[in-house]
Amino acid sequence: MRFSVGAAPPGCGGLSVQKWKSIDSMQRSIQALDSSPYSDSSVDLESLPGKLGNLSSHSPGRRPSTRDSPVTTDARYVFDDVELRASERRLLIGGQVANIGSRAFNLLLMLVTHRDRLVTKDELIEAVWPNVVVDQNNLVVQIASLRKLLGNQAIVTIPGRGYKFSVPGVQVLRAHELPRRDQPLAAPLRHAPLLGRREEVRRVGELLRMHRVVTLTGASGIGKTRLAQHLCEELSPAFRDGSAWVELASASDGRLVIDALARALNLDLRAADPLPGLMHAMQNRRMLMVIDNVEAVADDVARVVHALCESAPGVRFLLTSQVPLRITQEKELRLGPLSVPTHVLPVAEALQHGAVALFADRAQAMDHRFALDDANVGTVIGICRRLDGIALAIEMAASRVSLLGVDELAQALEQRLDLLLSTRKDVPERHQTLRRALDWSHGLLAETERLALRRLSVFTGSFSLDAALDVLTGDESATPESARWDGLDALTELVDRSLVIVEPGEPPRYRLYESTRQFAAEQLAASGEEESCRRRHALAMRRIVLALFDQRLRDWDHAHAGVALELDNAREALSWALRADPLTAVMLAPPISWGLVTSSTAALDIWRATEALLSDDMPLHVRAQWAGSASIFRLPCWLPRRVEWARTAIDLWRGTGESQGLQLALLNASRLLAQDDPAQCRDWLAEADALNAPGMAPGLRAMRADVEAQAALDAGDTGAAIAAFEQALRAAAASHNSFIMQLLSRELARARMVQATSQPDHREAA
Ligand SMILES: Nc1ncnc2c1ncn2[C@@H]1O[C@H](COP(=O)(O)OP(=O)(O)O)[C@@H](O)[C@H]1O
Ligand SMILES: [Mg+2]
């Protein structure tokens with residue numbers, strides 16, 4: 001469904017274009033309100049996310065008000081890098097106190113506190129120069145001075161009427177609250193301390209002071225990510241805007257790099273080329289951006305980071321990668337293994353070495369009776385040396401201590417050493433050492449754990465328990481019930497051994513360290529069961545994201561956040577399904593396209609690829625869902641297709657007899673063809689209304705009321721439009737759709753503005 005928030009191209013059913021045209025000068029101002037580089041003139045309800053912060057000034061049905069008197073409020077208003085502190089009477093720009101006179105300050109405060117509407121010249125003069133007769137030129141001068149500080153776009157002139165503050169996303173905070181700064185994702189929590197690496201921490205801190213980009217390179221499992229996490233936490237307070245953590249799964253596709261960055265910064269970039277949008281959004285930030293696991297898409301990261309270095313001077317980058325980016329701004333720090341003593345040392349001294357400390361820490365976590373002492377320190381040092389100080393290998397080995405004891409563990413390693421040395425003559429020595437270390441440690445795990453670990457390697461990023469159990473239970477001989485219990489046991493075991501990480505949150509999610517995942521993925525490929533695992537993974541993701549997608553008309557924000565969490569895995573599932581399972585691919589297209597925040601082009605690729613797979617053997621409701629969602633997808637090049645798909649969706653849904661799908665399709669189609677075929681639309685709307693039932697989803701009611709409002713605007717009946725928008729807002733609130741609530745609030749405000757300008761006593765206001 002589409003809600004328009006400005007003038008839309010003729011023929012695609014936007015807000016009544018003629019209406020605006022009749023107030024020509026005002027239209028220009030209103031377009032200026034929407035002239036942010038990423039705001040489109042019309043927005044699809046279904047293809048956009050619901051993520052909004054502060055809706056307090058837009059709650060449904062609330063009239064524009066003068067509730068916040070500029071004089072009495074103690075609030076702080078935060079937008080872009082600007083903070084307006086009412087009680088302190090200060091304006092901070094980029095953290096610096098701006099030089100602003102008291103009249104200009106009052107003026108700005110008045111505009112910001114009434115940002116939900118236009119403020120007339122009389123109101124402004126009355127607020128800023130109370131009880132004084134002043135020339136209007138004074139106002140013009142003060143407005144010009146504010147524009148100098150905040151940019152020309154910040155305050156829009158509505159000729160003959162007054163001014164409107166037009167920076168979106170103002171946060172209102174009380175004196176003690178911290179601004180939300182777009183909520184960058186924090187580094188994944190890791191409770192275990194960083195061991196050793198004191199010198200590296202110091203060195204990276206120093207490098208980051210001098211260089212824009214620092215890349216930690218080194219073999220998989222050596223400890224790059226762990227070090228980057230520590231640095232991220234440690235250095236974050238030194239940056240005004242803190243830090244953001246961006247995780248690129250190794251399976252990443254280069255086009256997703258910007259997507260991942262935007263997600264970490266909670267930005268919504270919708271454009272065919274989102275890079276300029278990202279550059280713009282970051283230009284005034286002062287932050288540390290950590291990007292983990294760069295190697296698989298190093299060239300794409302290089303391009304983006306290079307561009308951001310040019311445009312965002314306050315951002316520093318810390319990357320982890322097996323290979324450097326090789327861009328001019330980059331400084332590479334090659335990470336060696338954790339330090340291992342060269343000979344036997346007393347316990348206290350041995351623990352100064354990272355490798356020994358890590359072994360002791362993990363062994364103790366497994367078995368609280370374990371302690372490093374004079375009797376075992378020599379053997380532990382020997383094990384660490386055998387494992388070349390490679391963190392991941394040490395962790396895996398240490399997790400077996402409780403079962404084998406230190407001595408037996410050392411012996412088991414020796415035996416495997418002989419075995420592996422004889423078989424791996426072809427591999428270069430450096431790699432061989434690493435592989436050997438990992439193979440050894442892995443060989444020490446129980447068979448059930450090895451099986452579980454390699455199966456879980458099909459996940460990218462984090463995954464739910466539900467999905468994990470589907471993937472783990474591949475043994476057809478067991479009953480489904482007992483297989484799930486076995487899966488649960490295996491997962492518990494892996495979590496206990498720290499091979500699978502539990503992420504905080506409710507319900508918890510799980511993930512493998514990328515180093516572990518890569519290693520386990522190789523095991524999976526060698527095991528011959530990769531294809532069946534991928535199939536189970538894809539089917540699990542299909543089930544999960546479709547269930548969320550179905551909730552969107554009742555609980556939009558929740559459903560959308562849920563799909564966002566599953567997006568990496570859903571896309572992974574899609575890429576498998578595109579070559580192996582057309583039905584699953586077609587089923588995955590709507591929820592994934594809906595969940596994609598930034599990349600319209602990525603979504604377009606998905607629509608195109610799955611369109612080619614459609615076939616008449618597929619179930620009706622699958623094709624109907626696909627067509628209905630495709631008709632909503634809004635990239636201009638897809639436009640001619642939309643009408644075709646909207647009609648197809650109606651036919652297909654009619655065939656299924658499912659009323660909600662049909663209602664949705666009818667409402668969509670009548671939005672799309674409102675201008676071109678009004679008679680047909682009337683029939684569709686009548687058909688949709690006939691399907692109304694008591695438990696109808698509030699999201700559908702919101703759509704219906706919006707259609708009503710647009711029609712009223714087209715007919716020039718602003719009063720009826722306002723009433724319908726208010727109704728749509730209430731329904732949108734009931735469907736927990738904060739995104740659409742914001743759009744509707746804006747439309748409502750505009751309709752009210754139209755109403756106000758058309759009242760004769762206001763025309764001559766200035
Ligand atoms: N200095 C360290 N202190 C504690 N644990 C570490 C340290 N370095 C690595 N580890 C652990 O070893 C494992 C592999 O490290 P990781 O950072 O994922 O390697 P990489 O990113 O280089 O592939 C992880 O479980 C990590 O927590
Ligand atoms: Mg890593």
Side-chain angles (χ1 to χ4, degrees), residues 185 187-188 190 194 197 200-201 203-208 210-235 243-264 275 278 287-309 312 315-338 389-393 428 430-431 433-435 438 457 460-461 511-522 568:
L185 298 182
R190 174 76 197 187
L194 179 81
R197 300 289 189 209
E200 286 88 345
V201 168
R203 181 90 184 106
V204 176
E206 199 176 274
L207 288 176
L208 272 173
M210 294 177 306
H211 302 274
R212 302 289 306 282
V213 183
V214 175
T215 305
L216 298 174
T217 59
S220 170
I222 207 108
K224 301 179 294 295
T225 300
R226 183 66 196 94
L227 178 60
Q229 285 171 342
H230 177 87
L231 288 160
C232 182
E233 283 159 29
E234 180 118 309
L235 300 177
S243 58
W245 180 270
V246 183
E247 173 130 2
L248 302 173
S250 72
S252 278
D253 155 346
R255 284 167 304 180
L256 302 184
V257 170
I258 295 177
D259 223 72
L261 263 67
R263 266 200 274 165
L275 183 58
L278 182 67
M287 68 188 306
L288 175 65
M289 184 133 219
V290 187
I291 312 180
D292 192 25
N293 300 323
V294 164
E295 57 273 338
V297 285
D299 291 345
D300 302 277
V301 173
R303 188 175 61 87
V304 173
V305 167
H306 180 76
L308 289 173
C309 279
V315 180
R316 298 269 146 141
F317 293 89
L318 176 63
L319 316 178
T320 81
S321 177
Q322 289 174 32
V323 293
L325 292 192
R326 303 190 202 292
I327 56 175
T328 47
Q329 300 90 341
E330 178 187 43
K331 190 77 195 165
E332 178 186 357
L333 182 80
R334 208 169 167 76
L335 204 60
L338 291 170
I390 293 161
L392 180 62
R430 190 167 57 79
H431 293 292
T433 319
L434 176 71
R435 283 305 312 227
L438 288 173
S457 74
T460 70
R511 71 161 68 227
L512 268 60
Y513 264 105
E514 187 54 26
S515 46
T516 316
R517 198 191 71 77
Q518 281 174 15
F519 176 77
E522 288 171 25
D568 286 342

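It should be emphasised that the depicted structure is a prediction, and the values quoted were computed from it without experimental measurement.
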Rounded to the nearest 0.5 Å, what separation is found between the [atom1] atom of [X] and the [atom2] atom of [Y]?
X	Y	atom1	atom2	value
Arg212	Ile327	CZ	CD1	9.5 Å
Leu325	Asp300	CG	CG	10.5 Å
Leu208	Lys331	CG	NZ	12.5 Å
Leu319	Glu332	CG	CD	11.0 Å
Asp292	Lys224	CG	NZ	8.5 Å
Glu233	Trp245	CD	CH2	9.0 Å

Nearest heavy atoms of [X] and [Y], plus distance in Å:
X	Y	answer
Ser243	Cys232	OG-SG, 3.4 Å
Ala228	Thr320	CB-CG2, 3.6 Å
Ser321	Val294	CB-CB, 3.8 Å
Arg197	Ile222	NH2-O, 2.9 Å
His211	Gln329	CB-O, 4.2 Å
Val246	Ala264	CG2-CB, 3.6 Å

Practice task
Decide, yes or no, whether a salt bridge links Arg203 with Glu200 under the criterion of side-chain N to carboxylate O below 4.0 Å.
Solution key: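 Here Arg203 does not pair with Glu200 in a salt bridge, since their nearest N and O are not under 4.0 Å apart.
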
Exercise for the section: Identify whether the distance between the nearest side-chain nitrogen and carboxylate oxygen of Arg511 and Glu247 falls below 4.0 Å. Expected result: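 A salt bridge links Arg511 with Glu247.
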
Are the side chains of [X] and [Y] in touch, meaning some heavy atoms are under 4.5 Å apart?
X	Y	value
Leu194	Glu234	no
Thr328	His306	yes
Leu318	Leu235	no

Problem - Candidate list Val297, Ile291, Val305, test side-chain contact (heavy atoms from CB on, under 4.5 Å), partner Val257, passing option - result: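 Of Val297, Ile291, Val305, side-chain contact (heavy atoms from CB on, under 4.5 Å) with Val257 is met by Val297 alone.
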
Handout entry: Candidates Val315, Val213, Leu278 - the one meeting side-chain contact (heavy atoms from CB on, under 4.5 Å) with Leu308
Key =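 Answer after filtering Val315, Val213, Leu278: Leu278.
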
Exercise for the section: List the steps, then state whether side chain to side chain contact (heavy atoms under 4.5 Å, CB included) holds for Thr217 with Val323. Expected result: CA-CA 6 Å; Thr217 59; Val323 293; over 6 Å; no

Problem - Intermediate values then yes/no, side chain to side chain contact (heavy atoms under 4.5 Å, CB included), Leu261 and Arg263 - result: CA-CA 5 Å; Leu261 263 67; Arg263 266 200 274 165; over 6 Å; no

